[in-house]
Protein chains: 2
Amino acid sequence: MPWSPEQKIQTREKILHSAARLFTRNGFEKVSINDVMQQAGLTRGAFYKHFASKSELYSEAIVYGARKVVAERKSRAIDMKSVLEAYLSRDHVEAVDGACPLAFLVSDIAQQGNIDQKAYQQVLEGLIDILTKESGQSEDTALLSSILMIGGVALARAVNDESLSDRILSVARNETRKQLIENGGE
Amino acid sequence: MPWSPEQKIQTREKILHSAARLFTRNGFEKVSINDVMQQAGLTRGAFYKHFASKSELYSEAIVYGARKVVAERKSRAIDMKSVLEAYLSRDHVEAVDGACPLAFLVSDIAQQGNIDQKAYQQVLEGLIDILTKESGQSEDTALLSSILMIGGVALARAVNDESLSDRILSVARNETRKQLIENGGE
DNA sequence: GTCTATATCTCGATAGAC
DNA sequence: GTCTATCGAGATATAGAC
């Protein structure tokens, strides 16, 4: 195999997929490069031909993971109401793949450096953009919905008791739905 | 020094204080036992005469840290409105001491074991209890306020830009205030 | 570009002197 | 009960054969 310009891109994609999956659920520190590469079907040594460091992988994985969530949600449901229900659902809270980094890593990010916070903010602004443009909410209402979505999922994931977790999701769902009806454009 | 029954309690308290301070801001993995003991003015070796493991210290530090927040807030302001304003403030987001573990560790907890989630839930139920009993909100409204408080502070801490961070706090403040007026008992 | 091997470091936890 | 010293595991990152 003399050259393989697009095979390298594919491998990179595989690493990113594995990284997004593992980082989102377990955070930066609890995931090793070995874990990521093993799940991608490779070994440690190959990693540094694709990324400069673990930190670089982390911030790229956040953006990658968020893009996948958006693509997935868009392909399944068009109306914003269904998107909100799916986001604030038990399936999402327990998702092993395709979970939203915004909710799953909200306090993990604050502990990392500025580069990761920038990546996180960029993704958050993308969410706010979707909420304003596709459902006609004001920016403040979109911000409020974001807090309820991210805070709701994060909190539902933190508690031990599933019935309390479900109540948290339910309350957040009801309120975001209300925001959508009262302040939505359509 | 033949015996010192209460000096041991004092030392334990010192370790817990240091642990709550460091863990709350940096999470479980980014803080070493050495860090905790050093800030408490001791060395590693003495640690295991007070706690069985790092995990045990972590869950105890969460409860300890939350109790300190409640005690601090109660001593300064009586009315719930002031408490909410202080909680959803920049001072709290940037606090190096006395920050609320519920907000600062919301996604860190989900990555740890069940014991830590139980400790977290216990603290959360304490907050819900305060919100219902001391401001006459229904349980659902109290839950909603909790999501806004915890989610608001967590999200404000995650983003890079301070102006966006302030807008998040502002939106969350306005909404919790509204909840308090509409659904509060007094 | 991927592999094995390894250098270097940090951490949790333990042992033993005082 | 606190100290210094150390064990052993596991991490990031690098080197070199293929």
Side-chain angles (χ1 to χ4, degrees), chain A residues 1-62 105 108 111-113 115-116, chain B residues 1-62 105 108-109 111-113 115-116 119:
Chain A
M1 35 176 148
W3 281 307
S4 43
E6 64 177 62
Q7 188 138 10
K8 176 161 185 184
I9 297 178
Q10 268 186 357
T11 304
R12 208 186 125 96
E13 179 94 359
K14 239 192 314 195
I15 297 172
L16 270 175
H17 183 79
S18 169
R21 180 187 166 111
L22 289 170
F23 277 140
T24 301
R25 275 180 62 88
N26 306 113
F28 180 78
E29 300 282 354
K30 287 197 115 88
V31 175
S32 72
I33 292 175
N34 199 29
D35 294 334
V36 173
M37 295 302 278
Q38 212 166 316
Q39 193 164 98
L42 299 165
T43 56
R44 273 196 300 267
F47 174 76
Y48 292 92
K49 300 287 177 184
H50 298 274
F51 298 91
S53 67
K54 188 186 174 184
S55 302
E56 185 182 297
L57 175 66
Y58 186 64
S59 56
E60 287 208 36
I62 290 165
L105 296 175
D108 203 74
Q111 297 159 12
Q112 312 294 334
I115 301 138
D116 298 313
Chain B
M1 37 175 147
W3 281 306
S4 42
E6 65 178 61
Q7 187 139 9
K8 176 161 185 184
I9 298 178
Q10 267 188 357
T11 305
R12 207 186 127 96
E13 179 94 359
K14 239 191 315 193
I15 297 173
L16 270 175
H17 183 80
S18 170
R21 181 187 167 112
L22 289 170
F23 277 140
T24 301
R25 275 179 63 86
N26 305 112
F28 180 77
E29 299 282 353
K30 287 198 113 88
V31 175
S32 72
I33 292 176
N34 199 30
D35 295 334
V36 174
M37 295 302 278
Q38 211 165 313
Q39 193 165 99
L42 299 165
T43 56
R44 272 198 299 270
F47 173 75
Y48 292 92
K49 301 286 178 184
H50 297 273
F51 298 91
S53 68
K54 188 186 174 185
S55 302
E56 185 182 297
L57 176 66
Y58 186 64
S59 55
E60 286 208 37
I62 291 165
L105 296 176
D108 203 74
I109 287 293
Q111 297 160 12
Q112 311 294 334
I115 302 139
D116 297 314

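Below, read A as the first sequence line, B as the second, and so on, with proteins coming before strands; counting in each chain starts at 1.
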In this structure, how many angstroms lie between the [atom2] atom of [N] and the [atom1] atom of [X], rounded?
{"X": "A:F51", "N": "D:dA13", "atom1": "CZ", "atom2": "P", "value": "13 Å"}
{"X": "A:Y48", "N": "C:dT2", "atom1": "OH", "atom2": "P", "value": "15 Å"}
{"X": "A:E6", "N": "C:dG1", "atom1": "CD", "atom2": "C1'", "value": "15 Å"}
{"X": "B:K8", "N": "D:dT2", "atom1": "NZ", "atom2": "P", "value": "8 Å"}
{"X": "A:F47", "N": "C:dT2", "atom1": "CZ", "atom2": "P", "value": "12 Å"}
{"X": "A:I15", "N": "C:dG1", "atom1": "CD1", "atom2": "P", "value": "11 Å"}
{"X": "A:R44", "N": "D:dT12", "atom1": "CZ", "atom2": "C1'", "value": "9 Å"}
{"X": "B:L57", "N": "C:dG12", "atom1": "CG", "atom2": "C1'", "value": "13 Å"}

Next on the checklist: For residues 24-42 of chain B, which residue pairs pass the salt bridge (charged side-chain N to carboxylate O under 4.0 Å, His left out) check, not counting sequence neighbours?
Outcome noted: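 The answer is A:E29-B:K30, A:K30-B:E29.
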
Checklist entry - Taking only residues at least two apart or on different chains, which pairs with a member in residues 6-19 of chain B satisfy salt bridge (charged side-chain N to carboxylate O under 4.0 Å, His left out)? => result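 Found B:R12-B:E60.
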
Next on the checklist: So, does A:T11 get its side chain near the phosphate of C:dT2, meaning an N or O under 4.0 Å from OP1 or OP2?
Outcome noted: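 Yes, A:T11 has a side-chain N/O under 4.0 Å of OP1/OP2 on C:dT2.
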
Check the interface with nucleotides 15-18 of chain D: list each N/O to N/O pair with the protein under 3.5 Å, or write none.
none

Checklist entry - Who passes side chain to side chain contact (heavy atoms under 4.5 Å, CB included) against A:T43, sequence neighbours left out? => result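 Once residues adjacent in sequence are excluded, A:T43 has no partner under the side chain to side chain contact (heavy atoms under 4.5 Å, CB included) criterion.
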
Next on the checklist: For DNA chain C, which residues of residues 21-43 of chain A approach it to below 4.0 angstrom with any heavy atom?
Outcome noted: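 Heavy-atom cutoff 4.0 Å gives A:L42, A:T43.
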
Checklist entry - Taking the side chain of A:K54 as its heavy atoms from C-beta onward, which of D:dG1, D:dT2, D:dT12 lies nearest to it? => result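 Of all the options, the side chain of A:K54 is nearest to D:dT12.
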
Name every donor-acceptor pair, under 3.5 Å, that has one atom in a side chain of residues 44-52 of chain A and the other anywhere in the protein, sequence neighbours excluded.
none

Checklist entry - What's the spacing between A:L16 CG and A:T11 OG1 if we round to 0.5 Å? => result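 If I round to the nearest 0.5 Å, the distance is 11.5 Å.
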
Item to check | B:F28 and B:F23 aromatic ring geometry - parallel, tilted or perpendicular at 30°/60° bounds | outcome: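 B:F23 vs B:F28 ring planes: parallel.
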
Item to check | Nearest non-hydrogen partners of B:L105 and B:I62, listed with the distance | outcome: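 Looks like CD1-CG1, 4.2 Å.
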
Checklist entry - Should we say atom CD of B:Q7 is surrounded by more than 12 heavy atoms from elsewhere, each under 6.0 Å from it? => result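 No - once you tally the heavy atoms of other residues, nucleotides and ligands closer than 6.0 Å, there are 12 at most.
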
Checklist entry - Do the non-hydrogen side-chain atoms of A:S18 and A:L22 ever get within less than 4.5 Å of each other? => result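 The answer is yes; the side chains approach within 4.5 Å.
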
